[in-house]
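What follows is a single structure, written as structure tokens, with notes after it.
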Amino acid sequence: MSKGLPKRSENYSEWYNEIVKRADLAENSAVRGCMVIKPYGFAIWEKMQRALDDMFKATGHQNAYFPLFVPRSFLEKEEEHAEGFAKECAVVTHYRLKADGEGGLMVDPNAKLEEELIIRPTSETVIWNAYKNWIQSWRDLPILVNQWANVVRWEMRTRIFLRTAEFLWQEGHTAHATEKEAIAETEQMLDIYADFAENWMALPVIKGMKTPNERFAGAVETYCIEGLMQDGKALQCGTSHFLGQNFAKSFDVKFVNKENQLEYAWATSWGVSTRLMGALIMAHSDDNGLVLPPKLAPIQVVIVPIYKSPEDLAAISEKVEPIVKELKAAGISVKFDDSDNQRSGWKFAEYELRGVPIRLGLGMRDLENGTIEVARRDTLTKESMPIDGVAESVKILLDKIQASVYQRALEFRDTNTFPVDDWDEFCDRVEKGGFVLAHWDGTSETEEQIKEKTKATIRCIPLNAPVEDGKCILTGNASDKRVLFAKAY
RNA sequence: CGGGGCGUAGCACAGCCUGGUAGUGCGCACGGUUUGGGACCGUGAGGCCGCAAGUUCGAAUCUUGCCGCCCCGACCA
């Protein structure tokens, strides 16, 4: 029904861009590669933040804030880290402008910084520089800190939410006394991300480990969650890194253990970003617009009156008022759209486009019959039910929708996940899209060759992969478990 | 950074080839008729035609340069 929204089947990326625009989530800004997140889109992000933040706090983490600027010398300290991020850094070289004499401004050449400041692409280095002063004894550990911040990675090509030059995220940075504890932390945070993806975003994800090629620059091990989008491409939805003692060594962060010996601290870092907004859109939405899981919907229920005269509207409003009250009391966000500048049909389409999970329609016929129309966004079905007790039904229905949106995504992923043992089939499968589980001989060379030939990358080595004898899909060399291949965003 | 497309009203676009009063649709404002799936009629407001230089009596239109955006690739969360 939507006017002019492209079909997913015809042009997936245009469909995506249009949804972002038309559902009023975000827009491209005047600044290249950067987005403006609009109030409706930001409201979804805030719900994500809230849920995640609660989970972080529940596991003992605290929020803090570190600077936007990273001195160049900090970034240089961890070699692999430096190399990994060098190509995508914005650099501040001056601290002052001056009039150019033509009514404009120019960089004041006399205000050159002694040392350039990098706009953080991530904060390991500033944070570990600070931790050096925070950590002396084993009693200072663990440090469990998270920050909500913006970061900048100068990307060649950007796509709103999925890859922007500036994005919002959270980055957790923890320090531990033992390797074991740091690994446990890394795994715990991965579990939290998976839990969040599945229970809040209604997006099933595969937990796994990155191959050395795909590993975070400076990490010993990178864990990730991978989701499958409706076009068959994979999207990395969160990462959790075990950093070993790499940053502790680079920044000389030592502590005295119980035996009075000096040891380097063990580190983790983990993050999810506004990219999750992209995942949310691409996982569930349809040709009518956005589909939001109720738990992340800024408006969970919209009530649309259908009326002819102001008297009708007054009568409907009177009936709606207690429903609104009851829903609000139950913690459900509800909007009664009694605006008179659009007609009901327009509103139906508009709220569908915006992904509001439940729409209640109430007209004069309903008032006579004591009924109300309940429409589900996810299935696009509607039914008439008694107006008495509707708040209770809505509460139950929201949970049902949350579950069924997840179920649909899960079925999609399962029917698009293929174990493959034959090279030709592998190429064919990858081309068509979806997750492909295949054997790999464990070498970077093979991984790169496969990428070159098929565009597929190893998304992860799934944590739950069963051990089985097999042969590498490309080389035929021995392999003991399947890894997850896909074309990725 | 390569390849392709495009900059004209808030948005989507036509006009450009062949130089001569800047247009259409949506949206917006006002009035009226409508109202159970994106209503209709009337009136009206809204423009430095991306920027700069050139050609010309005259440039949205021709020439050159610049800037920006989108799509497809290589790089990445």
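A, B, ... follow the sequence lines: proteins, then strands. Residue 1 opens every chain.
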Under 4.0 Å between any heavy atoms, over every strand shown, what does [X] touch: base, sugar-phosphate, or nothing? Just pick one.
{"X": "Glu350(A)", "answer": "base"}
{"X": "Ser384(A)", "answer": "nothing"}
{"X": "Thr239(A)", "answer": "nothing"}
{"X": "Phe216(A)", "answer": "nothing"}

Query raised in the report: Are side-chain N/O atoms of Glu352(A) and Asn288(A) paired as donor and acceptor at under 3.5 Å?
Result: no
For [X] and [N], give me the distance from atom [atom1] to atom [atom2], rounded to whole Å.
{"X": "Glu18(A)", "N": "G38(B)", "atom1": "CD", "atom2": "C1'", "answer": "16 Å"}
{"X": "Phe348(A)", "N": "A39(B)", "atom1": "CZ", "atom2": "C1'", "answer": "14 Å"}
{"X": "Gln342(A)", "N": "C28(B)", "atom1": "CD", "atom2": "C1'", "answer": "11 Å"}
{"X": "Asn213(A)", "N": "C76(B)", "atom1": "CG", "atom2": "P", "answer": "9 Å"}
{"X": "Arg365(A)", "N": "U35(B)", "atom1": "CZ", "atom2": "P", "answer": "13 Å"}

Provide the Watson-Crick or G-U wobble partner of [N], both distances under 3.5 Å; none if there is no partner.
{"N": "C66(B)", "result": "G50(B)"}
{"N": "G36(B)", "result": "none"}
{"N": "G20(B)", "result": "C57(B)"}
{"N": "C1(B)", "result": "G73(B)"}
{"N": "G42(B)", "result": "C30(B)"}
{"N": "C11(B)", "result": "G25(B)"}

**Report entry** Distance test, side-chain N/O of Arg343(A) to OP1/OP2 of A39(B), below 4.0 Å
**Finding:**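 Answer yes for this pair, as a side-chain N or O of Arg343(A) is under 4.0 Å from OP1 or OP2.
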Query raised in the report: Under 6.0 Å between the ring centres of Phe85(A) and Phe216(A)?
Result: yes
Query raised in the report: Are Trp128(A) and His81(A) close enough that their ring centres sit under 6.0 Å apart?
Result: no
Query raised in the report: Does Tyr40(A) have Arg354(A) sitting over its ring (NZ/CZ under 6.0 Å from centre, angle to axis within 45°)?
Result: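 Flagged: Arg354(A) positioned over aromatic ring of Tyr40(A).
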Query raised in the report: Would you say the side chain of Glu352(A) and the base of G37(B) hold a donor-acceptor pair, judged only by whether the two atoms sit under 3.5 Å apart?
Result: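 Donor-acceptor pair under 3.5 Å: yes.
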Query raised in the report: So Asp286(A) and Arg377(A), salt bridge (Lys or Arg N to Asp or Glu O under 4.0 Å) or not? Walk me through it.
Result: CA-CA 10 Å; Asp286(A) 62 23; Arg377(A) 174 62 185 92; 2.7 Å; yes
Requested in this report: Would you confirm whether Gln147(A), through its side chain, and Phe66(A), through its main-chain N or O, come within 3.5 Å as a donor-acceptor pair?
Outcome: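 Yes; judged by distance alone, with no hydrogens or angles, the pair exists.
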Requested in this report: Would you give a per-nucleotide map of nucleotides 67-75 of chain B, 5' to 3', where B means the base has a protein non-hydrogen atom under 4.0 Å away, S means only the sugar-phosphate does, and - means neither?
Outcome: --SSSBBBB
Query raised in the report: In terms of the nearest nucleotide of RNA chain B, which residue is placed more toward the 5' end: Lys308(A) or Leu162(A)?
Result: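 Looking at RNA chain B, the more 5' nearest nucleotide goes with Lys308(A).
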